[in-house]
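Okay, structure first, notes after.
Positions are given from 1 along the sequence. All values reported here derive from a predicted model rather than from experimental measurement.
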Amino acid sequence: MKLLRVGPPGAERPIALGQDGTAYDLSGRARDIDGAFLAGLDPAALARDAAAGLLPVADIAGQRVGAPVVRPGKVVGIGLNYRDHAAEAGAAIPDEPVIFLKPSNTVVGPYDEVLVPRGGEKTDYEAELAIVIGRTARYLAGHREAAEVIAGYTIANDVTERAFQLERGGQWDKGKSAETFTPLGPWLVTADEVADPQGLGLRLWVNGEQRQDGSTGQMIFPVLEIVRYVSQFMVLEPGDVIVTGTPAGVTLGHPGTPFLIPGDIVEIEIDGLGRQRQVLGKA
């Protein structure tokens, strides 16, 4: 099942997409695609209700698509999680996952404008697989337990202002936290539809030029290990999002390649998870 939210910012309504692309309005079942909804989500039951005509069909053509989960409690970032990206950044392969946090108000829809922050000089893109949590998780014992708390997956652009990240005291959060810096979507694809989260191709283009072409199979720490590991340090709650790192091809790793400026267009796709597109603006 694919889940999404459509409508103006702050007034989105929850939608489910059937296998044939038919949109079903979930407003009668849920206030929103939030932690409460995800904690009780049964994709198979939802699909049966749609097939039985128990969900109203919705016309969503031409409507704005919001982030597929309402404002998360937290967005957890994993840094340097692809060997080729660590190499292009000149960083050592980490012995343990690198964790940083992004404010939840960085989350926007997959086609919303991304703003270069005031004082920003080196705004960069990062195509990433995002994990959406569906059950409370603390001190998970292993990968089987980790799989049980994942509601599904979506696409993230972990936008980063490199000058803030690397030249303003060495604190990653400074470069990750500007408004609009976490476009998500277009869909939350439920975990049952993603046979192997380590077998997904991910690609990114800037103004039509391909910059990233990788696979989640290149991750240093795979999805289930990330979820298990993060749960040792913080409680994960339904609706939380984990962005899992980016492959090689970011601007930082290619001297002479221009960083993003207003008017640039960034497009990202991940196998089975759809495609997103942002036009850069200025804060």
Is the shortest distance from a Lys or Arg side-chain nitrogen in Arg162 or Glu126 to a carboxylate oxygen in the other one below 4.0 Å? yes
Which ring-ring contact (aromatic ring centres under 6.0 Å, His included) pairs, counting each pair once, include a residue from residues 146-185, with sequence neighbours left out? Phe100-Trp172
Take atom CG in Asp95; do more than 12 heavy atoms of anything else shown fall under 6.0 Å from it? no
side-chain contact (heavy atoms from CB on, under 4.5 Å) partners of Leu54, counting only residues at least two apart: Arg29, Asp49, Ala52
Side-chain (Thr154) to main-chain (Gly152) donor-acceptor, under 3.5 angstrom: no
Please list, one pair per line, the donor and acceptor atoms closer than 3.5 Å that link side chains of residues 65-76 to other protein atoms, with sequence neighbours excluded.
| unit_1 | atom_1 | unit_2 | atom_2 | d |
| --- | --- | --- | --- | --- |
| Arg71 | NE | Ser104 | OG | 3.1 |
| Lys74 | NZ | Val235 | O | 2.7 |
| Lys74 | NZ | Asp240 | OD2 | 2.7 |

For Glu161 and Thr123, run side chain to side chain donor-acceptor pair (under 3.5 Å): C-alpha distance rounded to whole Å, both residues' side-chain angles, the deciding distance at 0.1 Å, then the answer. CA-CA 4 Å; Glu161 172 48 53; Thr123 302; 2.7 Å; yes
Could you state the interatomic distance from CG (Asp158) to NZ (Lys102), rounded to the nearest 0.5 Å? 3.5 Å
Starting from Val266, can I reach Ile270 by hopping between I/L/V/M/F/W/Y residues whose side chains sit under 4.5 Å apart? yes
Can you pull out every ring-ring contact (aromatic ring centres under 6.0 Å, His included) where at least one residue sits in residues 23-47? Sequence neighbours excluded, please. none
Just jot down the side-chain contact (heavy atoms from CB on, under 4.5 Å) partners of Pro183, sequence neighbours excluded, or say none. Val108, Val114, Asn157, Val159, Gln276, Gln278
Taking a hydrophobic cluster as the set of Ile, Leu, Val, Met, Phe, Trp and Tyr residues connected by side-chain heavy atoms closer than 4.5 Å, whether directly or through intermediates, do Leu273 and Tyr125 fall within one such cluster? yes
Below 4.0 angstrom, N of the basic side chain to O of the carboxylate: do Arg228 and Glu145 qualify? no
In this structure, CZ of Arg13 is separated from CG of Asp32 (nearest 0.5 Å) by 12.0 Å
If we only count heavy atoms from C-beta on, is the His254 to Glu88 side-chain gap below 4.5 Å? yes
In residues 241-250, what donor-acceptor pairs under 3.5 Å come from side-chain atoms, sequence neighbours left out?
| unit_1 | atom_1 | unit_2 | atom_2 | d |
| --- | --- | --- | --- | --- |
| Thr244 | OG1 | Leu129 | O | 2.7 |
| Thr246 | OG1 | Ala127 | N | 3.2 |
| Thr246 | OG1 | Ala127 | O | 2.9 |
| Thr246 | OG1 | Gln212 | NE2 | 2.8 |

Is the backbone N or O of Leu140 less than 3.5 Å from a side-chain atom of Gln232, with the two atoms forming a donor-acceptor pair by type? yes
